[in-house]
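Below, read A as the first sequence line, B as the second, and so on, with proteins coming before strands; counting in each chain starts at 1. The structure presented is a predicted model; accordingly, all values stated were derived computationally and were not measured.
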Amino acid sequence: MSTSKQNGILKARVLEIQRMSTEDGPGIRTTVFFKGCSLRCTWCHNPESISPKPQVQWIGTRCIGCRTCVDVCRSGALSLEGDGMEIDRSRCIGCGTCAEECPSTAMEILGKEWTLEDLTHEVIKDRAYFEKSKGGITISGGEPGMQAQFVAKFLKSLRERGLHTALDTCGLCSKEAFDLLLPYSSMVLYDLKETDPEKHKKFTGETNEKIFQNLLYVSEYMKSHLYPATLWIRTPVIPGLTATEENITGIGRFIAENLKGVVDRWELCAFNNLCRDKYTRLGREWMLKESLLLKKDFMETLAGAARSSGVDPGIVFWSGSTRLEEDPLADTENVAE
Amino acid sequence: MSVSALKKDIPGIKTPKSLSARISWLRDYYFKGTDRAWNNEFTSWTTGTPWDVQFNEMTFYIVPEAYMLMQTMLGSYRQAARKVDLDKDFWSWSIVERRAWFVRETMLHYVPKEILPGDLIAGGRFNIQSSFCLNKKEQKTYNRLTVGKNGARARMKWFHDHGYGNAGATSGHLIPGYEVALKIGWKGIHEDLEEKYSRLANKEKSGPKGEQLRAMMTAATMPRDFAAGYAELCRDLANKEKEKTRKEELLQMARNLDRVPWEPPETFWEAIQALWISHMLIMSDENYPGPGISFGRIDQYLLPFWKDSIEKGMNREFGKEILKCFWIHCNTAYDAMIRNGNQGITAGFGQLITLSGMGKDGKDLTNDLTYAFLEVIDEMTPILEPKPNVRLHRNSPDELLDRLVDMISSSQGAPFLLNFDERSMAGMMLEAEKSGISHLIHEGNVYDYAPVGCLENTMVGNDRSGTVDNNLNLLKAVELAMTGGRDLLPYKNPMTGKEEKIAQDGPVTGDAASFTSWEEFWNAYKTQTEYIIKKCVDLYECSESIRAKFFSTPYLSCLVTGCAGKGLDVTQGGAEISHTTIEAVTYATTVDSLLAIQYLVFDEKKCTMAELIEAMKKNWKSHEVLQAMAKNKALKYGRDDDKADELAAKVMELWCDETWKHKTISTGRRFRPGMLSWNYWAGDGYIMAASADGREKGQFLSNAICPTNGADINGPTANTNSVGKVLGGKSETAGCWEDYVNRLPNGASHTITFNPSIIKDPEHREKFKAFLRGYTENGGTALQMNMLDPEILLDAQKNPQDYRHLLVRITGYNAYFTTVGRELQNEVIQRVSHNAF
């Protein structure tokens with residue numbers, strides 16, 4: 001577990017705190033993205049959340065070319081060339097000195113450490129908006145279950161303050177982690193991505209058995225406890241991967257057979273390509289970088305399939321951007337669908 | 001895709017809808033601007049003396065764009081002036097009596113009367129420049145005080161050129177007692193004046209009190225006789241009219257004018273007619289079209305007429321038709337300088353109407369007329385006047401919020417400003433306490449406050465608070481603290497190219513380079529803040545005292561409670577509540593500069609004070625690393641950062657406390673604090689030297705209470721929380737209205753630009769409504785909501801450094817716009833253009 005303890009103080013590594021979030025559960029929310037994930041999804045739109053370690057990135061538009069970072073790097077991992085910053089990730093130890101010294105914040109360290117007290121103080125600042133919107137705080141990632149010790153204490157402190165909490169999980173973590181987190185989660189946002197275990201392994205690096213088992217575990221827990229009171233299932237709809245009627249129908253059937261009356265909402269989240277540059281900044285190739293957004297009709301069709309899969313049709317929603325009529329990319333690039 | 005191709009895709013701005021043929025014609029005609037045969041351009045009128053002056057330059061001392069034109073305006077209005085034949089006793093009267101008579105005479109017998117085709121409201125031309133009505137000796141004194149060596153004009157220019165801001169006794173900017181005028185009619189107002197006059201001792205009658213009341217009595221008959229002239233015109237037109245319906249309309253208008261505004265109106269139509277004439281004649285009286293003469297709680301005081309007329313069979317749509325005619329009339333204020341281009345529209349004039357809001361015991365007062373007004377706004381938009389200001393509070397109904405969000409989503413931005421009652425009322429209660437006027441503002445009436453101009457809160461019908469009269473750049477005190485009381489850069493005259501030598505101007509606060517602690521610097525800043533406020537107060541006194549002596553407005557004074565009782569013109573401090581407001585400009589730039597100095601020089605020791613001053617003198621040239629640190633590494637106001645906001649609150653407290661200490665000498669008006677900052681934050685950015693927050697000379701300063709451009713990287717809630725905190729937040733012990741604290745009774749302008757995806761579907765609209773309810777709890781006094789538009793995004797592509805805060809978030813994905821690549825940026829622009837999220 002990557003929750004760290006320094007001088008006896010429990011700390012967590014947090015990628016980002018997003019305020020006035022309107023996409024991570026009911027109402028207005030503050031979402032805390034914990035760093036480190038148990039899956040490696042091909043389509044991950046927050047790739048910087050995968051590694052549990054701190055990572056540096058360079059944002060070109062902010063750089064003033066002063067070379068301070070290059071000079072202060074003790075590992076010799078940085079070089080500023082014609083095309084921009086080269087970060088030798090095999091050398092970088094993530095110490096963050098470059099980010100600390102960079103005068104223009106072009107060098108950023110992703111994954112700062114937070115104490116429980118500071119993080120709690122930070123996220124309750126928007127309490128007024130939570131109360132007016134029936135919103136609250138969403139714990140997301142990465143996979144928050146990977147820092148369960150900390151997250152449990154964090155959730156507890158929020159619940160004790162009467163705040164609504166949502167646990168956003170990919171489903172792949174230990175039962176012990178769920179045991180720690182569920183008692184303090186007002187609701188759960190749970191990802192179901194792919195029914196076929198082989199494909200799931202191909203897309204995410206792991207098979208899906210444990211994810212489905214854990215979901216049943218969560219469901220059983222909910223039946224015997226007051227909280228979590230609400231369960232939303234979320235399915236990323238990725239062109240050429242999860243975006244098949246067969247998959248959607250399969251997930252629907254699973255929900256209908258095993259989670260009747262427990263799931264309040266099943267959201268199909270359309271593929272998003274806006275994260276393309278994040279991969280570049282992290283120095284990684286992205287398999288889906290050429291993929292176009294899905295068409296609206298296609299999302300409607302999939303939502304139709306979801307509604308007729310046996311679930312209560314009223315729980316099916318879809319969200320996200322779809323392809324514009326004249327996609328600027330479609331004119332110039334020859335991309336296979 | 002090229003930028004031009006993207007621009008082409010931007011859908012057109014909202015167009016008006018559901019307009020009748022009558023209103024469509026009037027609206028289209030209005031927008032023909034200089035191509036119109038009829039307009040309401042200033043006409044100029046003289047007593048015929050060779051020394052006569054019409055143009056009141058003092059009212060433009062707060063408009064830097066007008067400085068270069070002052071002499072031209074003065075000369076051209078004089079040249080164009082037509083003679084008004086004077087009463088034989090004219091020169092034996094006091095100035096105020098002369099002025100009352102002259103304006104009345106001009107409006108009744110010289111300015112042409114016309115009615116546009118289909119118009120339901122009479123009262124066309126009102127823009128005049130009328131004689132100061134001074135005799136030779138008086139005029140000479142006035143000239144010496146204004147344009148003489150070291151006169152008001154020269155002092156005002158020096159203040160502006162050296163980056164302090166501006167100040168001047170300005171017309172408009174109040175809410176006249178329209179409610180009373182509708183209740184008792186001008187007849188009632190006149191009777192009251194007669195009674196007050198008759199009670200004066202003979203000695204008083206022959207003194208200034210008697211002069212003032214006689215002038216006001218003369219002025220109070222102007223609306224009666226003016227309406228009679230228009231009644232006659234309506235009958236003439238009716239006689240010539242062949243079309244039956246129109247003929248009947250004109251006859252009804254004549255019958256309306258026979259009664260109002262002298263008698264109290266009985267129908268909604270009469271009420272609007274009475275309101276319009278009462279209003280337009282103020283603009284004649286002040287020679288000042290529109291700015292800030294606001295209507296107050298119009299959906300409250302017109303409601304009895306609306307209800308009654310509807311009960312008696314007025315068609316609701318016809319009621320709206322009358323309002324739409326009223327809308328057109330309000331916009332003709334801009335005709336004053338129509339030949340300046342852009343149809344004379346140089347900036348919003350701000351004839352505000354206030355809608356909704358709370359009443360006694362926190363009860364919401366939204367009613368059918370509120371919604372009728374909103375419909376009219378929606379159907380007439382885009383059009384500038386009158387400007388709607390919707391008051392929200394804890395108990396505002398959901399239906400109202402739904403309506404507002406609908407309007408925002410169809411207008412790509414809000415066609416109204418929101419005012420927040422609890423915070424605003426806390427400020428008014430503070431004002432009552434600070435000025436010792438708790439008998440005039442208290443829990444039992446504070447809910448009847450209303451904004452004027454843009455968002456400046458005042459009471460109604462008895463309050464003139466000079467809400468735009470003093471505009472002070474707080475940042476100047478930081479500069480003076482760094483230099484020990486001298487300008488950082490020498491002033492260069494743009495006409496002659498000559499550079500002035502830098503002189504000691506502010507108090508000597510010592511060599512900042514020798515300061516060893518932040519506290520030492522803060523103390524210097526404090527001393528300089530006290531100094532710039534005093535300097536502003538002294539400058540204001542120049543034009544305030546001249547106006548009090550030479551430019552009275554007796555007609556307006558009839559509509560301001562206090563003037564008749566005291567026998568004092570409103571320009572002499574006659575109003576029961578008589579303040580003048582210092583509107584602080586550059587607040588966030590000031591706070592961020594102090595934070596940067598604290599960080600760079602004292603806390604982190606990234607540089608010495610001497611190095612920082614040197615970098616600022618060089619406008620950061622060759623000091624780019626230091627500039628980047630100032631911009632990016634120091635804390636900033638507007639991020640809900642406790643430490644930054646604590647200093648911000650301290651800055652706020654300091655300048656507010658200092659402001660309350662002062663009063664005008666000539667008129668006894670106390671200074672109160674506010675944050676309006678009209679467009680000075682842009683223009684003065686070219687005057688003020690580089691600032692310690694990394695801003696270069698020539699870049700914009702911060703606007704009103706908003707964070708500096710691009711600083712609010714934590715989104716709208718954090719931005720809002722910072723604003724609420726520096727106003728005083730909430731306190732169980734120190735709350736002025738319930739637990740709300742508000743250091744700025746005038747209120748503070750706050751603008752937030754939202755991503756339109758926030759209102760993309762019903763679920764998100766609910767979230768947006770909840771945000772507004774959250775704003776009521778945590779935010780400021782007034783909010784302008786803009787929606788991100790493609791233009792902004794295109795600008796962000798070009799100037800990423802100014803848009804660091806621009807967040808794009810679409811389903812689970814979040815990134816700052818400027819950090820995604822060009823192609824994807826273009827795609828986001830496409831989406832915003834087409835509202836496709």
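Across all non-hydrogen atoms, the minimal contact from Ala128(A) to Asn778(B) is CB-OD1, 3.4 Å. The minimum heavy-atom distance linking Tyr775(B) with Tyr129(A) is given by the pair N-CE2, 3.8 Å. Closest approach of Met20(A) and Ile758(B) over heavy atoms only: CE-CD1, 3.8 Å. Across all non-hydrogen atoms, the minimal contact from Asp642(B) to His121(A) is OD2-NE2, 2.6 Å.
Within 6.0 Å of the CG atom in Asp761(B), the count of heavy atoms belonging to other residues, nucleotides or ligands exceeds 12. By the neighbour-count criterion of 12 heavy atoms within 6.0 Å, atom NZ of Lys606(B) is densely surrounded, having more than that number from other residues, nucleotides or ligands. Counting non-hydrogen atoms of neighbouring residues, nucleotides and ligands closer than 6.0 angstrom, the CD atom of Glu117(A) reaches no more than 12 such neighbours. Applying the 6.0 Å contact sphere to CD of Glu646(B) captures no more than 12 heavy atoms from other residues, nucleotides or ligands. Within 6.0 Å of NZ on Lys730(B) lie more than 12 heavy atoms contributed by other residues, nucleotides or ligands.
Rounded to the nearest 0.5 Å, atoms CD (Glu122(A)) and CG (Asn714(B)) are 7.0 Å apart. Between Tyr803(B) atom OH and Thr61(A) atom OG1 the span is 14.0 Å, to the nearest 0.5 Å. Expressed to the nearest 0.5 Å, how far CG of Asn719(B) lies from CZ of Arg19(A) amounts to 10.0 Å. Ser319(A) contributes atom OG, which lies 8.5 Å from atom NE2 of His764(B) (distance to the nearest 0.5 angstrom).
Note: Lys633(B) leads Arg773(B), Glu766(B), Lys633(B), Lys631(B) in heavy-atom pairs under 4.5 Å with chain A. The residue among Cys102(A), Cys66(A), Gly60(A), Ser104(A) with the most heavy atom pairs within less than 4.5 Å of chain B is Ser104(A). Per-residue heavy-atom pair counts under 4.5 Å with chain B were compared for Asp126(A), Ile17(A), Ile28(A), Thr30(A), and the maximum is reached by Asp126(A). Among Lys767(B), Gln627(B), Lys769(B), Met629(B), the residue with the largest count of heavy-atom pairs under 4.5 Å with chain A is Lys767(B).
Looking at Pro26(A), the atoms closer than 4.5 Å to chain B (heavy atoms on both sides) all sit in the backbone: N, CA, C or O. Within the 4.5 angstrom heavy-atom criterion, only side-chain atoms of Arg62(A), from C-beta onward, approach chain B. Interface remark: Glu108(A) contributes no atoms to any contact with chain B (heavy atom separation under 4.5 Å). For Glu777(B), the part sitting under 4.5 Å from any heavy atom of chain A is the side chain, from C-beta outward, and nothing else.
With contacts defined as side-chain heavy-atom distances shorter than 4.5 Å, the pair Leu772(B)/Lys132(A) does not qualify. The shortest side-chain heavy-atom distance between Phe768(B) and Thr22(A) does not fall under the 4.5 Å cut-off.
Salt-bridge formation is detected for the pair Arg265(A)/Glu763(B): a Lys NZ or Arg NE/NH1/NH2 atom is positioned less than 4.0 Å from an Asp or Glu carboxylate oxygen. Taking the charged nitrogens against the carboxylate oxygens, Arg67(A) and Glu624(B) have no contact shorter than 4.0 Å, which rules out a salt bridge.
Side-chain atoms of Lys125(A) come within 3.5 Å of backbone N or O of Asp640(B) as a donor-acceptor pair.
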